[in-house]
Amino acid sequence: MGRVDDMIISGGENIYPVEVETVLDGHEAIDEVAVVGIDDERWNQIVTAFVIIPEGPEDIDFSSLGDQLDTYCRESDDLANFKRPRKYVFVDELVKSNVEKVLRWKRDIDDLDIKVCEISNI
């Protein structure tokens with residue numbers, strides 16, 4: 001399924017990022033997605049999806065897109081409700097290693113050296 005160090009623990013539940021990514025990859029508005037757990041005082045971690053969209057960010061209503069993605073996850077038979085992202089971070093690229101593997105340990109949005117177009121909280 002996934003490596004234990006990639007696992008997100010939110011509200012005492014174990015969530016593998018690849019499960020959430022697989023569902024979101026099926027949405028037509030997403031070009032690429034990486035899911036991580038962002039530290040949270042109440043839930044330990046919250047499921048956060050870093051999303052690259054195919055067209056440029058100039059024409060996108062990110063709040064509406066975040067709502068669409070949330071609805072898509074809610075309606076999926078392959079994703080339990082507690083596993084759906086509570087935050088969508090729309091970016092122009094994902095942080096990757098030199099062999100193109102997404103670096104999941106890059107979890108602090110403020111420390112990322114990428115352009116964040118918008119953050120949508122659900």
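Only a predicted model underlies this, so the values are computations on that prediction, with no experimental measurement involved.
Considering every non-hydrogen atom in both Tyr88 and Cys73, the closest pair reads OH-SG, 3.8 Å. Residue Tyr72 comes nearest to Val23 through the heavy atom pair CE2-O, 3.2 Å, listed as atom of the first residue, atom of the second, then distance. The minimum heavy-atom distance between Met7 and Asn14, with the atom names listed, is SD-CB, 3.2 Å. The minimum heavy-atom distance linking Cys117 with Phe62 is given by the pair CB-CZ, 3.7 Å. When all heavy atoms are compared, the tightest approach of Val33 to Ala49 is CG2-CB, 4.1 Å.
The structure places CZ of Arg74 at 8.5 Å from CD1 of Ile122, a figure rounded to the nearest 0.5 Å. With values rounded to the nearest 0.5 angstrom, Ile53 atom CD1 is found 12.5 Å from Glu28 atom CD. The distance from atom CG of Asp40 to atom CD1 of Ile9, rounded to the nearest 0.5 Å, is 13.5 Å. Between the CG atom in Asp61 and the CD atom in Glu118 there is a gap of 8.5 Å [rounded to 0.5 Å]. For the atom pair Asp67 CG and Ser120 OG, the distance stands at 6.0 Å (nearest 0.5 Å). Note that OG1 of Thr22 and CG of Asp78 are 9.0 Å apart. Values are rounded to the nearest 0.5 Å.
Side-chain atoms of Thr48 do not come within 3.5 Å of backbone N or O of Gly37 as any donor-acceptor pair.
A heavy-atom distance below 4.5 Å is not found between the side chains of Ile60 and Phe90. Residues Val20 and Pro85 have side chains in contact (heavy-atom distance under 4.5 Å, counting atoms from C-beta outward). Taking the side chain as every heavy atom from C-beta outward, Ile8 and Asn44 never approach each other to under 4.5 Å.
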TODO: Begin with the C-alpha distance, continue with both residues' side-chain angles, and end with the deciding distance and a verdict on side chain to side chain contact (heavy atoms under 4.5 Å, CB included) for Val47 and Lys83.
DONE: CA-CA 7 Å; Val47 180; Lys83 295 180 181 183; 5.8 Å; no
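Take Glu32 and apply the salt bridge (Lys or Arg N to Asp or Glu O under 4.0 Å) test, not counting sequence neighbours, and it matches Lys96. Take Asn81 and apply the side chain to side chain donor-acceptor pair (under 3.5 Å) test, not counting sequence neighbours, and it matches Arg84. With sequence neighbours excluded, the residues that form a side chain to side chain contact (heavy atoms under 4.5 Å, CB included) with Gln68 are His27, Ser64, Leu65. Qualifying side chain to side chain donor-acceptor pair (under 3.5 Å) partners for Asn121, counting only residues two or more places apart in sequence or in other chains: Lys87. Under the rule for a side chain to side chain contact (heavy atoms under 4.5 Å, CB included), the partners of Asp92 that lie at least two apart in sequence or sit in another chain are Ile114, Lys115.
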